[in-house]
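Start at 1 with the first residue, then count along the sequence.
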Amino acid sequence: MSRVPWTPAVEFGVARNESHDLNTATNELIQSLQQGNPRLSRPGNYDRGSIGGRDALHTTLSNISDVTGGQEVVDVYTTTLSDGSLFYGIGVAPREEWNNYGGV
């Protein structure tokens, strides 16, 4: 079986946030990602930090790629915007290449 080349990806977006609680909104985002990909692991603890002076959360998930069948690292960063929306950044890369990127 030949390996399909895989390119790391980063996605940024804004999601509606009904709860206005960063933990709950982040859990809902990850649950929505898991609905589309049941092999995506559940988050452990969140690391707390800041993005643009706002409270932020970070967690690292793992996944099995539908493209290559290999393990992937999925880094998720979230914060809330002034209107309460959830801003997120998600980075994905093959596990064996993740250290080359130093995280997202």
Side-chain angles (χ1 to χ4, degrees):
M1 171 190 244
S2 64
R3 259 192 99 169
V4 176
W6 194 94
T7 304
V10 176
E11 176 183 338
F12 294 97
V14 176
R16 190 170 174 189
N17 174 11
E18 298 296 329
S19 70
H20 299 286
D21 170 80
L22 182 57
N23 276 39
T24 302
T26 301
N27 286 335
E28 290 172 354
L29 172 69
I30 291 172
Q31 287 171 356
S32 72
L33 296 172
Q34 288 172 320
Q35 286 177 348
N37 193 343
R39 294 184 285 184
L40 185 64
S41 70
R42 294 202 175 280
N45 294 329
Y46 292 117
D47 299 320
R48 296 197 171 275
S50 67
I51 297 175
R54 297 182 176 278
D55 289 339
L57 296 177
H58 164 256
T59 193
T60 301
L61 310 172
S62 63
N63 188 43
I64 304 297
S65 170
D66 289 337
V67 175
T68 67
Q71 291 189 349
E72 298 174 322
V73 175
V74 181
D75 245 359
V76 179
Y77 294 84
T78 60
T79 190
T80 51
L81 300 175
S82 59
D83 68 356
S85 298
L86 184 72
F87 175 79
Y88 61 88
I90 302 170
V92 182
R95 179 163 304 283
E96 65 271 9
E97 295 179 22
W98 187 248
N99 290 336
N100 296 336
Y101 302 102
V104 175

What pair of heavy atoms forms the shortest contact from Tyr88 to Leu29, and how long is it? CB-CD2, 3.7 Å

Sequence neighbours left out, what pairs pass salt bridge (Lys or Arg N to Asp or Glu O under 4.0 Å) with at least one residue falling in residues 53-62? none

So do Val74 and Leu33 actually touch side chain to side chain, heavy atoms under 4.5 Å? no

Test side chain to side chain donor-acceptor pair (under 3.5 Å) applied to Asn63 - qualifying residues, sequence neighbours left out: Asn37, Glu72

How would you list, by chain and number, every residue that makes a side chain to side chain donor-acceptor pair (under 3.5 Å) with Gln31, sequence neighbours excluded? none

Going by heavy atoms in the side chains, are Thr59 and Leu57 under 4.5 Å from each other? no

Roughly how far, to the nearest 0.5 Å, is the OG1 atom of Thr26 from the NE2 atom of His58? 11.5 Å

For a side-chain contact (heavy atoms from CB on, under 4.5 Å) with Thr78, tell me which candidate from Leu22, Asn17, Ile51 qualifies. Leu22

Do Phe12 and Val14 share a hydrophobic cluster, counting only Ile, Leu, Val, Met, Phe, Trp and Tyr and linking them when any side-chain heavy atoms are less than 4.5 Å apart? yes

Is it the case that the side chain of Ser41 and the backbone of Ser62 share a donor-acceptor pair, with hydrogens and angles ignored and the cut-off at 3.5 Å? yes

Should we say atom CG of Asn45 is surrounded by more than 12 heavy atoms from elsewhere, each under 6.0 Å from it? no

Sorted by first residue and then second, give each ring-ring contact (aromatic ring centres under 6.0 Å, His included) pair with at least one member in residues 23-54; sequence neighbours left out. none

Atom CG of Asp75 and atom CG of Leu61: how far apart are they, to the nearest 0.5 Å? 8.0 Å

Show every salt bridge (Lys or Arg N to Asp or Glu O under 4.0 Å) that has at least one partner inside residues 13-41, sequence neighbours left out. Arg16-Glu18, Arg39-Asp66

